[in-house]
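Working notes, beginning with the structure itself.
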Amino acid sequence: MNESTRPVRTRFAPSPTGMLHIGGVRTALFSWLYARHHQGSFVLRIEDTDRERSTDEATQVILDGMKWLGLNEDEGPFYQTQRMDRYKEVIQQFLREGKAYRCYCTKEELEEMRARQMAAKQKPRYDGTWRNRTDVREGVEPVIRFKNPLDGVVVVNDVIHGKVVFENAELDDLIIARSDGTPTYNFCVVVDDWDMGITHVVRGDDHLNNTPRQINMLMALSATPPVYAHVPMILGADGAKLSKRHGAVSVLQYQEEGYLPEALLNYLVRLGWSHGDQEVFTMDEMIALFDINNVNKSASAFNPEKLLWLNQQHIMKASASALAHGLRDQFSRRGIDVDDQSLLEAIANAQRERAKTLKEMAQNSVFFVRDFDSYDEKAAKKNLTAEAQPILAALETALQNLDEWQASAIHEVINAVAAQFNTGLGKVAQPLRVAVCGGAVSPPIDATLAIIGKSRTVARLQKAQRHVAGQ
RNA sequence: GCUCCCAUCGUCUAGUGGCCUAGGACACAGCCCUCUCAAGGCUGGUACGCGGGUUCGAGUCCCGCUGGGAGCGCCA
């Protein structure tokens, strides 16, 4: 059997019990990239067998998150809760073939067994009491356990970790169906990966220990195990487990905070993987260059500063229309509705080098689309002074008389006023900036005025002069 | 406790026995550019966890230790 000739099929199989956070997104990304790189298929499967903890809300967050990120599935989403008949069928098959058996131990008895083993400094595991019994116990609904091989080894040839060997003697007979008849995780994964023809399983390395059991079940089904790639985990910025404080929030939070999906993905792809000295990757470059075989074995810490830097890099590269779209969204989150696409694009182009997030861009761009009531106190105190008054007046007149309202022409006017007062550009541009923007920070003043427009500029210059006079 | 995994600057990483007096990036500091803020350019400091081997030679291979992580559920 030649694995390499099979079309690649990968999957992302989150359980909707919590938020889709960056750890999950990274395994999804690696899985997706691998499929895209090899022109294969990417399957989305929702593992919702735990009905108590699964919620529709979490499922929706996963779907929305994947959509926002652009990690589109070729098949699915499939839901395990809709495949119950299939799982039960395989369980019956196992029972019939003697590959599984009913175990009548109660939860209490199992807990007791675990406690005893722990006390004896042993690895807690099921002792196989019911493995060879054929009787039944009245009053106890049995669970069904898989008959794991008693000896020999299971070899996992992981593309990231290499050869990992597990002794069957270390494994016990895991429960594949609860006493209420519902199948459990490790079993469903096996049936699904097989049924869905998954060739490459990319998942967090917290699953490495589950792999030998899954391989044993696959063997019992006479199925060919997939290729496994257990990717290292992501740690919080403090090197400890990912927590809510850094990163363990819904991916949609990043959308709200003004991150570009390609920036977040670029950040995540560089965690545990690299391509020479390259830091910034477009989606196409990621697909072309990413190779699961080159992924690191060690866990990596989440670094919000670098994410921020990458976001800015992508903002600088992004198309004006994409930026405008995101900016419009950020404005509306602030209760400001702007529909003028060309205005949004102009603002985005003026701000793209000075915003780390779209949220920050919107925050610093309100003066473009709304008049302000007050000035930044420090900036006004320094720049809107009696000394600046004649300069503001001269600017008002000169700009009022300017017919060609474009950055280059505006620039000439400002230069002329500076020359007229025999002073540097700073003495003219800063008061003008504060008068028109309300604060001391903005894109280049000529470009800024070009966007704000003539009538608004002139009105704001007049208002600034009244402000100076009123002091 | 048992099993498995991991180990280069603060962080992400390059490095597959000599090209390593260890390279790049983020962050930090300084300088340049400059109408503000940025962007950009230049410069600087900081790392192979420890101990044994193997070898002419080890960040790179082997062993041990230490440290970190995961799993050991009628959770996924």
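In what follows, chains are A, B, ... by sequence order, proteins preceding strands, each numbered from 1. Small disclaimer: the values here were computed from a predicted structure and weren't measured.
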Between the protein and nucleotides 22-25 of chain B, list every N/O to N/O distance that falls short of 3.5 Å.
residue: G24(B); atom: N2; partner: R270(A); partner atom: NH2; Å: 3.4
residue: G24(B); atom: N2; partner: E279(A); partner atom: OE2; Å: 3.1
residue: A25(B); atom: O4'; partner: E279(A); partner atom: OE2; Å: 3.2

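- The residue T49(A) sits close only to the backbone: its heavy atoms come under 4.0 Å of sugar-phosphate atoms, none of a base.
- Counting only heavy atoms from C-beta on, R354(A) has its side chain closest to A38(B) among A7(B), A38(B), C35(B).
- Between the side chains of T106(A) and R137(A), no donor N or O sits under 3.5 Å from an acceptor N or O.
- Counting any heavy atom pair closer than 4.0 Å across all strands shown, E305(A) reaches sugar-phosphate atoms only and no base atom.
- Ion pairing between D195(A) and R83(A) holds under the 4.0 Å rule for side-chain N and carboxylate O.
- Under the Watson-Crick or G-U wobble criterion, with both distances below 3.5 Å, G49(B) is paired with C65(B).
- Using a distance-only test at 3.5 Å, with no hydrogens or angles considered, a donor-acceptor pair links the side chain of T184(A) to the main chain of I175(A).
- The gap from the C1' atom of G30(B) to that of U16(B) amounts to 38 Å, rounded to the nearest Å.
- The distance from atom CZ of R26(A) to atom CG of L265(A), rounded to the nearest 0.5 Å, is 12.0 Å.
- In this structure, U36(B) forms no base pair with any nucleotide, since neither Watson-Crick nor G-U wobble geometry is met with both distances under 3.5 Å.
- In summary, the side chains of S298(A) and N296(A) do not present any donor paired with an acceptor at a separation below 3.5 Å, with no hydrogens or angles considered.
- Residue P14(A) is out of contact with every strand shown, counting any heavy-atom pair closer than 4.0 Å.
- In terms of position on RNA chain B, the residue among W273(A) and Q122(A) whose nearest nucleotide sits closer to the 5' end is Q122(A).
- Spacing between atom NE2 of H21(A) and atom P of A76(B) amounts to 17 Å, rounded to whole angstrom units.
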* Mind running side-chain hydrogen bond (donor to acceptor under 3.5 Å, both in side chains) on N311(A) and T357(A) for me, showing each step along the way? => CA-CA 7 Å; N311(A) 200 46; T357(A) 66; 5.4 Å; no

Listed pairs, N/O of protein and of nucleotides 58-67 of chain B, under 3.5 Å:
none

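- Look at D193(A) and R45(A) and you find a salt bridge, because one of the NZ, NE, NH1 or NH2 atoms lies within 4.0 Å of a carboxylate O, short of that distance.
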Step by step, work out the side-chain hydrogen bond (donor to acceptor under 3.5 Å, both in side chains) result for Y267(A) and N303(A). CA-CA 9 Å; Y267(A) 175 72; N303(A) 182 344; 5.5 Å; no

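- Residues satisfying the ring-ring contact (aromatic ring centres under 6.0 Å, His included) criterion with Y185(A), sequence neighbours excluded, are H207(A).
- Note on P232(A): nothing from the nucleic acid sits closer than 4.0 angstrom, heavy atoms only.
- For R213(A) and D172(A), the salt-bridge test passes: some basic side-chain N is under 4.0 Å from an acidic carboxylate O.
- Around atom CZ of R145(A), more than 12 heavy atoms belonging to other residues, nucleotides or ligands sit under 6.0 Å away.
- Looking at heavy-atom distances under 4.0 Å, A301(A) makes contact with sugar-phosphate atoms alone, never a base.
- For residues 103-122 of chain A, the ring-ring contact (aromatic ring centres under 6.0 Å, His included) pairs, not counting sequence neighbours, are Y104(A)-W130(A).
- As a whole-Å value, the separation of N186(A) CG from A70(B) C1' is 14 Å.
- Judged purely by atom type and a 3.5 angstrom limit, D205(A) has no side-chain atom pairing as donor or acceptor with the backbone of H230(A).
- To the nearest angstrom, P of U16(B) lies 14 Å from CG of N296(A).
- Residue-level contact check: N303(A) touches the bases, meaning some heavy atom is under 4.0 Å from a base atom.
- In this structure, of A39(B), C6(B), A70(B), it is A70(B) that holds the atom nearest to the side chain of M233(A).
- A 3.5 Å limit on both hydrogen-bonding distances identifies A70(B) as the Watson-Crick or G-U partner of U3(B).
- Distance from the side chain of E353(A) is smallest to A38(B) among A76(B), A38(B), C4(B).
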Between the protein and nucleotides 72-74 of chain B, which nitrogen or oxygen pairs are less than 3.5 angstrom apart?
residue: C72(B); atom: O2'; partner: P124(A); partner atom: O; Å: 2.5
residue: C74(B); atom: O2; partner: S179(A); partner atom: N; Å: 2.9
residue: C74(B); atom: O2; partner: S179(A); partner atom: OG; Å: 2.8
residue: C74(B); atom: N3; partner: S179(A); partner atom: OG; Å: 2.9
residue: C74(B); atom: N4; partner: C105(A); partner atom: O; Å: 3.4

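- Nucleotides U8(B) and G59(B) are separated by 7 Å at their C1' atoms, to the nearest Å.
- Here the separation of U60(B) from G18(B), taken at their C1' atoms, is 11 Å to the nearest Å.
- Atom C1' of A47(B) sits at a distance of 28 Å from the matching atom of G40(B), rounded to the whole Å.
- Side-chain N/O atoms of S274(A) include one lying less than 4.0 angstrom from OP1 or OP2 on A14(B).
- Closest to the side chain of I445(A), from the set C35(B), A38(B), A76(B), is C35(B).
- Taking the P atoms as reference points, A38(B) lies 11 Å from C28(B), given to the whole Å.
- Looking at K123(A) and E167(A), no side-chain N of the basic residue comes within less than 4.0 Å of a carboxylate O on the acidic one, giving no salt bridge.
- Here the nucleotide nearest the side chain of H207(A), chosen from A76(B), U36(B), C2(B), is A76(B).
- Here, G41(B) and A25(B) have their P atoms 9 Å apart, quoted to the whole Å.
- Shown for residues 153-162 of chain A: residues whose heavy atoms fall under 4.0 angstrom of RNA chain B, namely H161(A).
- The main-chain N or O of T81(A) is found under 3.5 Å from a side-chain atom of D48(A) such that the two form a donor-acceptor pair.
- Of the candidates A7(B), G1(B), A38(B), the closest approach to any side-chain atom of K121(A) belongs to G1(B).
- Taking atom P on both G49(B) and C42(B), the two are 30 Å apart, rounded to the nearest angstrom.
- Backbone-only contact: Q313(A) has heavy atoms under 4.0 Å from sugar-phosphate atoms and none from a base.
- As judged by a 4.0 angstrom heavy-atom cut-off over every strand, E111(A) is placed among residues making no nucleic acid contact.
- Put simply, the side chain of D173(A) gets close to the backbone of N148(A): a donor and an acceptor are under 3.5 Å apart.
- Nucleotide C28(B) forms a Watson-Crick or G-U wobble pair with G44(B), both donor-acceptor distances falling under 3.5 Å.
- Taking only side-chain atoms of V164(A), from C-beta outward, the nucleotide of C5(B), U36(B), U13(B) with the closest atom is C5(B).
- For S300(A), counting side-chain heavy atoms from C-beta on, the closest listed nucleotide (U13(B), A27(B), A76(B)) is U13(B).
- Across the C1' atoms, U34(B) and A39(B) are found 11 Å apart, a figure rounded to whole Å.
- Note: K306(A) NZ to L310(A) CG = 6.5 Å, rounded to the nearest 0.5 Å.
- Across all strands shown, H230(A) has no heavy atoms under 4.0 Å from either base or sugar-phosphate atoms.
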